[in-house]
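Quick note on labels: first sequence line is chain A, next is B, and so on, each numbered from 1.
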Amino acid sequence: MNVFSDFRDTVAAAVAALQRRGELPEGLDLERITVEPPRDPAHGQMATNAALVLARAARRRPMEIAALLREEIEGAAEVVEAEVAPPGFVNVRLSDDLWRRQIPVVLRAGEDYGRCDLGRGLRVNDEYCSANPTGPLHVGHGRGTVYGDALANLLDFAGYRVTREYYVNDGGAQIEAMARSVHHRYRELLGENPGPMPDGLYPLEELIPVAKAILERDGDRWAGRPEEEWLELFGREGVEAMMARIREDLDALGVRYDVFVSERELIAAGRIEEAIAFLETKGLVYTGTLPPPKGKQMEDWEPVPQLLFRSTAFGDDIDRPLRRSNGAWTYFAADLAYHLDKIRRGADLLIDVWGADHGGYVKRMQAAVKALGEGRAELVVKLCQLVRLYSGGEPLKMSKRAGRTVWLREVVEEVGRDVFRFIMLTRKNDAPLEFDLRKVVEQSKDNPVFYVQYAHARICSVFRNAAEAGIATDPETLAAAPLDRLRDPAELDLLRQMAGWPRVVEGAARSFEPHRIAFYLHDLAGAFHALWTRGKEEPGLRFLLAGEPGSTAARLAMLAAVRRVIANGLRLMGVKPVEEMH
RNA sequence: GCGCCCGUAGCUCAGUCGGAUAGAGCGUCGGCCUCCGGAGCCGAAGGUCAGAGGUUCGAGUCCUCUCGGGCGCGCCA
């Protein structure tokens, strides 16, 4: 299917041949054998460590095994040259033709080029963003949201069955706080002058329209009434309005979900009791008293017997409370119900994307999933570090106080969806990310998005020029192109980079690291830009050559394939490939 | 005090399942626009991979410890 997995088969065949000849023992562990393009081009285009890995079990010297492997591999198809390098690598040069033949492979596969079956249809539930419905999304939410969305694209492409999910925390104390905030605004609108927004409530301006809508519909009937009468209504109206706003924010980012799950509905359906009853049957729930946290001053700490989940049985540091002293369920209890719900809906792998400030929650949730899934479901938590926002080198403080928060949508509207998404994916999820608003819009040089998009646009430009010159660019012509005209090292280098795409997809999917796509595309674009500039110095290397229809067709086929790979990569990132730069 | 994450070039960061002489962008210095789009290309300088042990044929990568930074640490979500 791709050059790398094919060569892996070649190596495996060579090992098997040596086993038949009695040079290597049977029953070797081939798992640790790797096949990879060496960093140093002097080491060929493909290298394997097979001899090094097998030496111990085979009780032979690595160099001896390597020499034997070299003989076998040299006879294999597409291998031009194989050599042994100390301490026992076998380095291989593959035929130019093999690389050229990747062009029709790419063109035929089209949008599916790079798709693989790594996931084998495994059902993945990918939950990301899940911001509380108490306000619009801010910039900090954007990173996890883009990460989770790109990860979903990636895993889908790698053969997983992905559900994209948003957990709406519409049931906790924060909703009551929002309800009171709306009521406060309601009283303001009635001219009651209730004073400044009390601490712990939300001073967001975005809640004023919610209060206004209630006022217009219900008049002053909730004024001066006890909380029990209006709290739920105000909370529900607030959640509805904020979720509508959040959906707009998600739209602006180009993020779509399959499922929104409401915490309130789970609770109303008795799912918490269900989850806890299930754990009780396993003997994992008990009433006990937790020790005070060490090293942290807790003046008001009092020993309180609570209903606890025995998470220590699954690697957590302490057992975790399920009920508060006032009898209410903890957030963790609701999360048990929610994760049980995910498992029951049929997920083999759960992915939770959280902010780094939730790191302390990982162990207990993994313990919970182990207990609830009885070992059948796995929970992977990906923590996204903070986004440090700057403007022209000056840090922007993002405090919770009203007016200082930077809303996601403002930023997306300012820099554009594609730029925002790409930048969010230029860092590993567990590394902090610097985002400078002004640099990103003013200085495109600092912006890897444009570098990649420029490559795509330049290729499109070549095709526009070809069309103007009356050169055929239809798929049949490109498919019939004499690809052996592609002989320049820079051309072959570009083809080799391009052929690495399936390997990048696999690696990125395996490690849940969509950022690898961004770096790969940057490198691929680099190889293309380099070739482009060579054409300035050596006119014979230009893509469109008057009087040489064969070479022109071959180069157009190559460009079409490279453009395809760039487009596929950008698509997984959720970034639009552009045909022209402005 | 405990747990999790991080420490790689002046800055921001990559670094493949443990592979060979550690890379990119920005910044600095020097080159390339009669020519398919210069938002581009080529070159130079810049590194005790925080430190010390260990495992291994081989460690930026795995293990232990130390130092430094971030996040978190009953009944908040």
message = Taking the ring centre of each residue, are A/Y338 and A/Y167 less than 6.0 Å apart?
response =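 Aromatic pair counts; centres sit under 6.0 Å.
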request  = Please find out if less than 6.0 Å separates the ring center of A/Y147 from that of A/H515.
outcome  =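 That pair fails the under 6.0 Å test.
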Taking only the [atom1] atom of each, what is the distance from [N] to [M] in whole angstrom?
{"N": "B/C49", "M": "B/U21", "atom1": "P", "answer": "14 Å"}
{"N": "B/G25", "M": "B/C62", "atom1": "P", "answer": "26 Å"}
{"N": "B/A52", "M": "B/G40", "atom1": "C1'", "answer": "46 Å"}
{"N": "B/A77", "M": "B/A39", "atom1": "C1'", "answer": "44 Å"}
{"N": "B/G1", "M": "B/G60", "atom1": "C1'", "answer": "31 Å"}
{"N": "B/G70", "M": "B/C63", "atom1": "P", "answer": "24 Å"}
{"N": "B/G23", "M": "B/U64", "atom1": "P", "answer": "29 Å"}
{"N": "B/C6", "M": "B/U61", "atom1": "P", "answer": "13 Å"}

query = Hey, which of these two, A/R8 or A/W329, hits RNA chain B nearer its 5' end, going by closest nucleotide?
reply = A/R8
message = Judged by each residue's nearest nucleotide on RNA chain B, which is more toward the 5′ side, A/A525 or A/E302?
response = A/A525
Could you tell me the separation between the [atom1] atom of [X] and the [atom2] atom of [N], rounded to a whole number of Å?
{"X": "A/W354", "N": "B/C71", "atom1": "CH2", "atom2": "C1'", "result": "14 Å"}
{"X": "A/D436", "N": "B/C26", "atom1": "CG", "atom2": "P", "result": "15 Å"}
{"X": "A/H515", "N": "B/U12", "atom1": "NE2", "atom2": "C1'", "result": "14 Å"}
{"X": "A/F528", "N": "B/G38", "atom1": "CZ", "atom2": "P", "result": "10 Å"}
{"X": "A/H358", "N": "B/A77", "atom1": "NE2", "atom2": "P", "result": "11 Å"}
{"X": "A/F435", "N": "B/U12", "atom1": "CZ", "atom2": "P", "result": "17 Å"}

Table of protein N/O atoms under 3.5 Å from nucleotides 33-37 of chain B N/O atoms:
from: B/C35; atom 1: O2'; to: A/R542; atom 2: NH1; distance (Å): 2.6
from: B/C35; atom 1: O2'; to: A/R542; atom 2: NH2; distance (Å): 3.2
from: B/C35; atom 1: O2; to: A/K536; atom 2: O; distance (Å): 3.1
from: B/C35; atom 1: O2; to: A/R542; atom 2: NH2; distance (Å): 2.6
from: B/C36; atom 1: O3'; to: A/N465; atom 2: ND2; distance (Å): 3.2
from: B/C36; atom 1: O2'; to: A/N465; atom 2: ND2; distance (Å): 2.3
from: B/C36; atom 1: O2; to: A/F543; atom 2: N; distance (Å): 3.3
from: B/C36; atom 1: O2; to: A/L544; atom 2: N; distance (Å): 3.4
from: B/C36; atom 1: N3; to: A/F543; atom 2: N; distance (Å): 3.1
from: B/C36; atom 1: N4; to: A/W532; atom 2: O; distance (Å): 3.3
from: B/G37; atom 1: OP1; to: A/S461; atom 2: OG; distance (Å): 2.6
from: B/G37; atom 1: OP1; to: A/N465; atom 2: ND2; distance (Å): 2.9
from: B/G37; atom 1: O2'; to: A/Y454; atom 2: OH; distance (Å): 2.7
from: B/G37; atom 1: O2'; to: A/R458; atom 2: NE; distance (Å): 3.0
from: B/G37; atom 1: O2'; to: A/R458; atom 2: NH2; distance (Å): 3.4
from: B/G37; atom 1: N7; to: A/S461; atom 2: OG; distance (Å): 3.3
from: B/G37; atom 1: O6; to: A/M581; atom 2: N; distance (Å): 3.2

task = Can you run through RNA chain B from 5' to 3' and write each base as (, ), [, ], | or . depending on how it pairs? Watson-Crick or G-U wobble, both distances under 3.5 Å.
result = (((((((..((((.....[...)))).(((((.......))))).....(((((..]....))))))))))))....
Partners passing side-chain contact (heavy atoms from CB on, under 4.5 Å) against [X] (at least two apart in sequence or in another chain):
{"X": "A/A150", "value": "A/L425, A/P514"}
{"X": "A/N91", "value": "A/H43, A/A47, A/E83, A/A85, A/F89"}
{"X": "A/L386", "value": "none"}
{"X": "A/D199", "value": "none"}

Measure from the side-chain N and O atoms of [X] to the backbone N and O of [Y], and report whether any donor-acceptor pair falls under 3.5 Å.
{"X": "A/D170", "Y": "A/S262", "value": "no"}
{"X": "A/H141", "Y": "A/H138", "value": "yes"}
{"X": "A/E81", "Y": "A/R93", "value": "no"}
{"X": "A/E263", "Y": "A/G171", "value": "yes"}

task = Work out which heavy atom in A/S181 is nearest to a heavy atom in A/A177; give both atom names and the distance.
result = OG-O, 2.7 Å
Pick out the pairs of N or O atoms, protein on one side and nucleotides 4-11 of chain B on the other, that lie under 3.5 Å.
from: B/C6; atom 1: OP1; to: A/D430; atom 2: OD2; distance (Å): 3.3

All ring-ring contact (aromatic ring centres under 6.0 Å, His included) counterparts of A/F7, not counting sequence neighbours = none
query = Would you say the side chain of A/R503 and the base of B/U16 hold a donor-acceptor pair, judged only by whether the two atoms sit under 3.5 Å apart?
reply =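 Check passes, donor-acceptor contact within cut-off.
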Between side-chain atoms of residues 359-368 of chain A and protein atoms elsewhere (two or more places apart, or another chain), which donor-acceptor pairs fall under 3.5 Å?
from: A/K363; atom 1: NZ; to: A/D317; atom 2: OD1; distance (Å): 3.1
from: A/R364; atom 1: NH2; to: A/G360; atom 2: O; distance (Å): 3.4
from: A/Q366; atom 1: NE2; to: A/L379; atom 2: O; distance (Å): 3.2

message = side chain to side chain donor-acceptor pair (under 3.5 Å), that's the test. Do A/D352 and A/H358 meet it? Break it down for me.
response = CA-CA 11 Å; A/D352 286 8; A/H358 290 60; over 6 Å; no
Check every strand shown and say whether [X] touches a base, only sugar-phosphate, or nothing at a heavy-atom separation below 4.0 Å.
{"X": "A/H522", "value": "sugar-phosphate"}
{"X": "A/E506", "value": "nothing"}
{"X": "A/P303", "value": "base"}

Short side-chain N/O contact from A/Y338 to OP1 or OP2 of B/A77, under 4.0 Å = no
ask   = Does the side chain of A/R320 get closer than 4.0 angstrom to OP1 or OP2 of B/G74 through an N or O atom?
value =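 For B/G74, OP1/OP2 do not have a side-chain N/O of A/R320 under 4.0 Å.
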Check nucleotides 19-21 of chain B for protein N or O atoms closer than 3.5 Å to its own N or O atoms and list the pairs.
from: B/G19; atom 1: N7; to: A/N49; atom 2: ND2; distance (Å): 3.1
from: B/A20; atom 1: OP1; to: A/R39; atom 2: NH2; distance (Å): 2.6
from: B/A20; atom 1: OP2; to: A/R39; atom 2: NE; distance (Å): 3.1
from: B/A20; atom 1: OP2; to: A/R39; atom 2: NH2; distance (Å): 2.4
from: B/A20; atom 1: N6; to: A/N91; atom 2: OD1; distance (Å): 2.5
from: B/A20; atom 1: N1; to: A/N91; atom 2: OD1; distance (Å): 3.1
from: B/A20; atom 1: N1; to: A/N91; atom 2: ND2; distance (Å): 2.9

Side chains of residues 302-311 of chain A: which donor-acceptor partners sit under 3.5 Å, not counting sequence neighbours?
from: A/Q306; atom 1: NE2; to: A/R323; atom 2: O; distance (Å): 3.1
from: A/S311; atom 1: OG; to: A/D316; atom 2: OD2; distance (Å): 3.0
from: A/S311; atom 1: OG; to: A/I318; atom 2: O; distance (Å): 2.9

task = Tell me which nucleotide among B/C17, B/G74, B/C13 gets nearest to the side chain of A/R510.
result = B/C17
ask   = By salt bridge (Lys or Arg N to Asp or Glu O under 4.0 Å), which residues pair with A/R464, not counting sequence neighbours?
value =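 A/R464 satisfies salt bridge (Lys or Arg N to Asp or Glu O under 4.0 Å) with no other residue.
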